[in-house]
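In the text below, chain A, chain B and the rest are named by the order of the sequence lines, each starting its count at 1.
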Protein chains: 2
Amino acid sequence: MQQMVSPAFKNCEECPIRHRAVCAKCDSDELALLEDIKYYRSFSAGQHVMWAGDQMDFVASVVSGVASLTQTMEDGRTQMVGLLLPSDFVGRPGRNIATYTVTATSDLLMCCFRRKPFEQMIDSTPHVAHRLLEMTLDELDAAREWMLVLGRKTAREKIASLLSIIARRDAALGTANPGKALTFELPLTREAMADYLGLTLETVSRQMSALKRDQIITLSGKRRITVPDMDKLLLEAGDDSDGGFLI
Amino acid sequence: MQQMVSPAFKNCEECPIRHRAVCAKCDSDELALLEDIKYYRSFSAGQHVMWAGDQMDFVASVVSGVASLTQTMEDGRTQMVGLLLPSDFVGRPGRNIATYTVTATSDLLMCCFRRKPFEQMIDSTPHVAHRLLEMTLDELDAAREWMLVLGRKTAREKIASLLSIIARRDAALGTANPGKALTFELPLTREAMADYLGLTLETVSRQMSALKRDQIITLSGKRRITVPDMDKLLLEAGDDSDGGFLI
DNA sequence: GACTGACCTTGATACAGATCAAAAAAAGGA
DNA sequence: TCCTTTTTTTGATCTGTATCAAGGTCAGTC
């Protein structure tokens, strides 16, 4: 993938479709196009960004905070199908109806682009389309990895898998420190975790307690988690590799 | 999506990345490029097309038959993460190592394109990249829909969901006949179904028997299935809509 | 036509996780 | 600060699916 990043974005961490901070910092030509079609929206924890079926006139990128994509059955059974962390993209060019409900699971800042002009930009700048394809393929891989978690892992392995993912993303963005203890804030309620993992919140709570008892993790309060040994956690997750930790 | 199909492929059912028969029939300019980089490979039921981790020098499109993408844990637990039906595409531009094991679940014919030239073609013909993005987004939606199946549906609902998908795809390609009984051949063993659904083959067998007993389906032999009333099956699948049946 | 092996079905039992219920711990709000 | 509400933990019990174990069916082959 590295070799496919277009020259325009080579040194730009704030590419419109993968920025980590604020897009305005980026000085590529394309951003001139985007400048007047973008705007920011913030949401507080628990607020809905949009509902499945809503008209969706924009695509967006997460600047900070965490959002979830969920699907709900008629009888209320809910499954989270994606977790949007900073730099993740939401919205589908060519479709103006939202397929999933998007909810802020923590305070959230999104950078939105009006859909039509964004689509035009994609059509006129092939390398952005290219970047978007890569990101979509990455998401597809993530979704498929999650299918293994949902279909074949035990409750304990599921929890460990989720904690690994969050720890990994947190470490990648912040003070990465391989081999040392890792502390991070869980951006999800027990219920949201359950919805992601296909479990009940009681089972999530029990397994969290079990991981704590077995000293795989330490809990400060209910949300602050310390992982003394990342390898142990990955072992509990049943991963056959380090899953690209810190990559 | 419809409006995004490029002019070159407007009337071409055999677009290289979405053909239904044989690509050679297509007379677009791009296909001249593809003509000398493509070749066909056939596999018999049960044969492996490639293993996860293999070097992968081509991308491919299913011409006929069915293949599966699977992921396996160290201890042997297996999860199917995708079902490749005719016109489906496999392979990722920009990555030459296969992430999943690809297996022919029935006799299979694939149309392969050498990877490097294919990537070049993508770079030089934006509308193919565009088409590929659309297809990837469709796959992502399918993967996410399957996450709901894996995470929240009961065994019976899972079986009904799988049968619906196969019936739908079969109907779309063949003699569609809404409102009438639908008969098709199951291209999967009970074990493959189990791997797709995150169940054991015994549970699959029991639920198939139950659906037969309840007259949701009829079995002729072990693989030939008749669905007298598609709506009933969709009801069993717990789908809140017709899921795009015949679309 | 009976032998073989792969695939499928059915039965008995075990167990992981769901469900129902209540208490404990935080988080707000007056 | 106390009171209310929400979130989390823990306990008791139930249930759907896994597991273990036979037996049945069918296609291919000698």
Side-chain angles (χ1 to χ4, degrees), chain A residues 44-47 73 75-79 103 105-107 149-163 185-214 217-225 236 238, chain B residues 44-47 73 75-79 103 105-107 149-163 185-214 217-225 236 238:
Chain A
S44 48
Q47 249 191 304
M73 291 172 70
D75 59 9
R77 280 177 283 177
T78 297
Q79 177 66 50
T103 311
T105 65
S106 68
D107 287 346
V149 172
L150 290 172
R152 292 304 186 191
K153 290 194 178 180
T154 63
R156 175 185 259 244
E157 289 170 331
K158 285 179 173 181
I159 300 282
S161 298
L162 177 56
L163 294 180
E185 196 80 20
L186 247 190
L188 300 169
T189 64
R190 297 289 186 264
E191 188 179 18
M193 291 174 73
D195 284 343
Y196 201 17
L197 298 166
L199 298 170
T200 58
L201 77 168
E202 293 95 329
T203 298
V204 170
S205 183
R206 272 185 249 277
Q207 295 299 335
M208 290 287 284
S209 299
L211 287 175
K212 183 179 160 190
R213 174 170 39 71
D214 300 343
I217 60 170
T218 310
L219 282 165
S220 324
K222 282 161 184 189
R223 296 291 194 89
R224 190 141 207 89
I225 293 186
E236 291 294 338
Chain B
S44 48
Q47 251 192 305
M73 291 172 70
D75 60 8
R77 279 178 282 177
T78 296
Q79 177 65 50
T103 310
T105 65
S106 69
D107 287 346
V149 173
L150 290 173
R152 293 301 186 193
K153 290 195 177 178
T154 64
R156 174 184 260 243
E157 288 170 333
K158 285 178 173 181
I159 300 282
S161 298
L162 176 56
L163 295 180
E185 194 80 19
L186 246 191
L188 299 170
T189 63
R190 298 289 187 266
E191 188 180 19
M193 292 174 71
D195 284 343
Y196 202 17
L197 298 166
L199 299 170
T200 58
L201 76 166
E202 293 96 331
T203 299
V204 170
S205 183
R206 273 185 249 275
Q207 295 299 335
M208 290 285 285
S209 301
L211 287 175
K212 182 180 161 191
R213 173 171 39 72
D214 300 344
I217 60 170
T218 311
L219 281 165
S220 325
K222 283 159 184 189
R223 298 290 196 88
R224 188 138 210 92
I225 295 187
E236 291 294 337

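- Residue B:R190 contributes atom CZ, which lies 14 Å from atom C1' of C:dA6 at whole-angstrom precision.
- The residue A:G198 sits close only to the backbone: its heavy atoms come under 4.0 Å of sugar-phosphate atoms, none of a base.
- Listed candidates were C:dC8, D:dT8, D:dA18. Nearest to the side chain of B:L199 is D:dA18.
- Put simply, A:R223 has a side-chain N or O that comes within less than 4.0 Å of OP1 or OP2 on D:dT8.
- Separating the CZ atom of A:R156 from the P atom of C:dA16 is a distance of 12 Å, rounded to the nearest angstrom.
- Between the side chain of B:T105 and the main chain of B:L188, no donor-acceptor pair closer than 3.5 Å is present.
- Phosphate proximity of D:dT17 to B:T203: absent, as no side-chain N or O sits under 4.0 Å from OP1 or OP2.
- In this structure, the CD atom of A:Q207 is 10 Å from the P atom of C:dA16, given to the nearest Å.
- Atoms CD (A:E185) and P (C:dA26) sit 14 Å apart, rounded to a whole Å.
- Between the CG atom of A:L197 and the P atom of C:dA18 there is a distance of 10 Å, given to the nearest Å.
- Of the two residues contacting DNA chain D, namely B:T200 and A:L219, the nearest-nucleotide position lying further toward the 5' end is that of A:L219.
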Worked verdict on B:M208 versus B:K222 for side-chain contact (heavy atoms from CB on, under 4.5 Å): CA-CA 10 Å; B:M208 290 285 285; B:K222 283 159 184 189; over 6 Å; no
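- Across all strands shown, B:S209 has heavy atoms under 4.0 Å from sugar-phosphate atoms exclusively, and none from any base.
- When each of B:R152 and B:E191 is assigned the nucleotide of DNA chain C bearing its nearest heavy atom, the one mapping closer to the 5' terminus is B:E191.
- Residue A:R206 places none of its side-chain N or O atoms closer than 4.0 Å to OP1 or OP2 of D:dT9.
- Judged by distance alone, with hydrogens and angles left aside, A:E202 brings a side-chain donor or acceptor within reach of the base of C:dC20, the pair sitting under 3.5 Å.
- Remark: P of C:dA18 and CG of A:L201 are 10 Å apart, rounded to the nearest angstrom.
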Verdict with supporting geometry, B:I225 and B:L219, side-chain contact (heavy atoms from CB on, under 4.5 Å): CA-CA 5 Å; B:I225 295 187; B:L219 281 165; 3.7 Å; yes
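- In the displayed structure, A:E185 atom CD is contacted under 6.0 Å by more than 12 heavy atoms of other residues, nucleotides or ligands.
- As rounded to whole Å, 13 Å separates atom P of C:dC7 from atom CG of B:L188.
- One atom, CG of A:D195, and another, P of D:dT8, lie 12 Å apart when rounded to the nearest Å.
- Between the B:R152 side chain and the A:Q79 main chain, no donor and acceptor come within less than 3.5 Å of each other.
- Using a 4.0 Å heavy-atom criterion, one finds that A:S205 contacts the bases of the nucleic acid, with or without backbone contacts as well.
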